[in-house]
Protein chains: 2
Amino acid sequence: MSRYDPSAFPPFAVTVDLVVLTVREHALCALLVRRGEPPFQGYWALPGGFVRPDEGLAEAASRELSEETGLRAHPTPGQGADGAVADGVHVVGAQAAGAHLEQLATYGHPQRDPRMRVVSVAHLALAPDLPTPRPGGDASSARWAPAGELIGQNPADGVPLAFDHGRILADGVERARSKIEYSSLATAFCPPEFTVGELRQVYEAVWGVALDPRNFHRKVTGTPGFLVPTGGTTTRQGGRPAQLFKAGGATVLNPPMLRPEA
Amino acid sequence: MSRYDPSAFPPFAVTVDLVVLTVREHALCALLVRRGEPPFQGYWALPGGFVRPDEGLAEAASRELSEETGLRAHPTPGQGADGAVADGVHVVGAQAAGAHLEQLATYGHPQRDPRMRVVSVAHLALAPDLPTPRPGGDASSARWAPAGELIGQNPADGVPLAFDHGRILADGVERARSKIEYSSLATAFCPPEFTVGELRQVYEAVWGVALDPRNFHRKVTGTPGFLVPTGGTTTRQGGRPAQLFKAGGATVLNPPMLRPEA
DNA sequence: AGAATAGTGTCTATGAGACAGTATATA
DNA sequence: TATATACTGTCTCATAGACACTATTCT
């Protein structure tokens, strides 16, 4: 059988879906949009859309992220799976806050969309706390939803997400939880300058655990390349003034920040 | 803009490509097939093919693996991204040897195939040493190639692979190298029963390093759930008879097997 | 003063790695 | 006997986690 028979290949629609995560009020939250048309009309879904004929996958994800959150994207001219195994793309917004974008996984069950064969290349975006969703200016059609309520064990917590987006979201959250252990990605949830306490609150929100502030401080400042002091201090957390840091050059943490056992 | 407009979605071809890895003669090897037609005629490429209209992605990958290696696949009726974040599929062959199959990443650069827009969902398969490639019975059109020669730093090592398959292979090898650190996947390279020394040779081949046999033995037998003794012994390695083990139930290793530093 | 957060020091348990030494097979 | 591999014991160093203690702000 010929590997590519241009006259008879089965046609697919290809989309990108986005798991956009942020930390708001000590909770890990995901961006959801409300569907205005069938199927799953009125259900909450992940933002996403078609890949255009002349754009790459990461480019499409970056464009969708920009359309949904206002983050100006820094598109990648690279190959196909940008950030799938190597690291991801860095996205810059108006607030000069960094966001991280990487490919998550691809979902292609034949019946995942009731109308046609759709293969969705899901991407994971980690962003600092954004002002408020502004998807097309319609405030009621987008929201930040606490991730814990959406991927909880009991499905009685509320209406499930459209399509297989609940599964995609759960995969994205697990990827984020696991990846901040051995990479410096937790800083993608922080503003450009942040304190050790603020970074600790990110870890606590993403993992849903309480960490010892003193051991966390010693560990995070002792990992080479993770944090670089900016020289400034702040008292926005109350108490004694805290040093301000920015993300260092290291992408992989050595030693890693290990998640506490179950 | 409507999220799905059935009348006007850009059509894509969707394929699966396979990074099939095994350990042969103390080296990590990848399965390659020779292309018989343009483009890249005569070049070596990863095995793969179209996703059929009514099969899922993991199902297609499993079918291709079976067609190329003779491993009887155990298809997964699950969702889309089987094994992308959660763990992968187990494939059973005639030798009753286990193989592992998981989604790797998706490659969709607009010009990655010169003829049309093709999105390829790459999968990673880890298999024990197989008799010999039998792709369609044509022995000269398939081979096991040492991975080190294909992803070496100097591209003068030989002719590159077709399409972006060199990049896909490099991503797959790096995934395998990283994943055997914190999972029990290294046993997928072994026959059903194996010795600690054989498992150590797998780690050494995949990582390309030498490990201390004594520390390795203590560590691997001390990690709960990794290995289960079968009671038998063997002298096929020479020297004192070694205990035979099979893979235990654990999928995640605690503590992990850490790769030596650079 | 009291409370809150920042940051340091110290102790203990655990694991990684180096390596001596014993056990049991084959040539 | 020589040699190869299997396996155990022990030592040292690094890191994780518990927690006492000091520092500096605000109310």
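Bear in mind the structure is a predicted one, so any value in this text is a computation, not a measurement.
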N/O donor-acceptor pair under 3.5 Å between A:T230 side chain and A:K246 backbone: no

To the nearest angstrom, the NE2-P distance between A:H217 and D:dA20 comes to 19 Å

Figure out the CG/P separation between B:L211 and D:dT5, and round it to whole Å. 15 Å

Using side-chain hydrogen bond (donor to acceptor under 3.5 Å, both in side chains) as the criterion, list what pairs up with B:E193, not counting sequence neighbours. none

Within this structure, what is the CD-OG1 distance for the pair B:E198 and B:T187, rounded to the nearest 0.5 Å? 13.0 Å

In the structure I gave you, are the side-chain heavy atoms of B:S178 and B:R259 within less than 4.5 Å of one another anywhere? yes

Which heavy atom of B:F226 sits nearest a heavy atom of B:V220, and at what distance? CE2-CG2, 3.3 Å

A:W207 CH2 to A:L28 CG distance, which is reported to the nearest 0.5 Å: 13.0 Å

Whole angstroms only, please: what is the CZ-P distance between A:R236 and C:dA6? 11 Å

Residue whose closest nucleotide on DNA chain D lies nearer the 5' end, A:M257 versus A:T235: A:M257

Could you give the CD-to-P distance, from B:E198 to D:dA4, as a whole number of Å? 19 Å

5′-ward residue of the pair B:G238/B:P255 relative to DNA chain C: B:P255

Polar atom pairs (N or O), protein with nucleotides 19-23 of chain C, under 3.5 Å:
from: C:dC19; atom 1: N4; to: B:N215; atom 2: OD1; distance (Å): 3.1
from: C:dA20; atom 1: N7; to: B:R214; atom 2: NH1; distance (Å): 3.3
from: C:dA23; atom 1: O4'; to: B:R240; atom 2: NH1; distance (Å): 3.4
from: C:dA23; atom 1: N3; to: B:R240; atom 2: NH1; distance (Å): 3.4

Under-4.0 Å salt bridge between A:R167 and A:D171: yes

Students often get this wrong, so: under 4.0 angstrom with heavy atoms, is B:R200 touching a base, only sugar-phosphate, or nothing? sugar-phosphate

Is a donor on one side and an acceptor on the other found under 3.5 Å between the side chain of B:K219 and the backbone of B:P256? yes

Integer-rounded Å distance: C:dA6 C1' and A:K219 NZ: 20 Å

Whole angstrom value for the distance that separates C1' of C:dG7 from CG of A:L199: 15 Å

Backbone N or O of B:H26 within a donor-acceptor pair of the B:Q201 side chain at under 3.5 Å? no

Take the protein atom CZ of B:F216 and the nucleotide atom C1' of D:dT5, then report the distance between them rounded to whole Å. 15 Å

Can you tell me the distance, in whole Å, between the CD atom of B:Q237 and the P atom of C:dA25? 16 Å

Give me the residues of residues 243-250 of chain A where at least one heavy atom lies under 4.0 Å from an atom of DNA chain C, by number, or none. A:Q243

Could you please name the option among C:dA6, D:dT25, C:dG7 that lies closest to any side-chain atom of A:T195? C:dA6

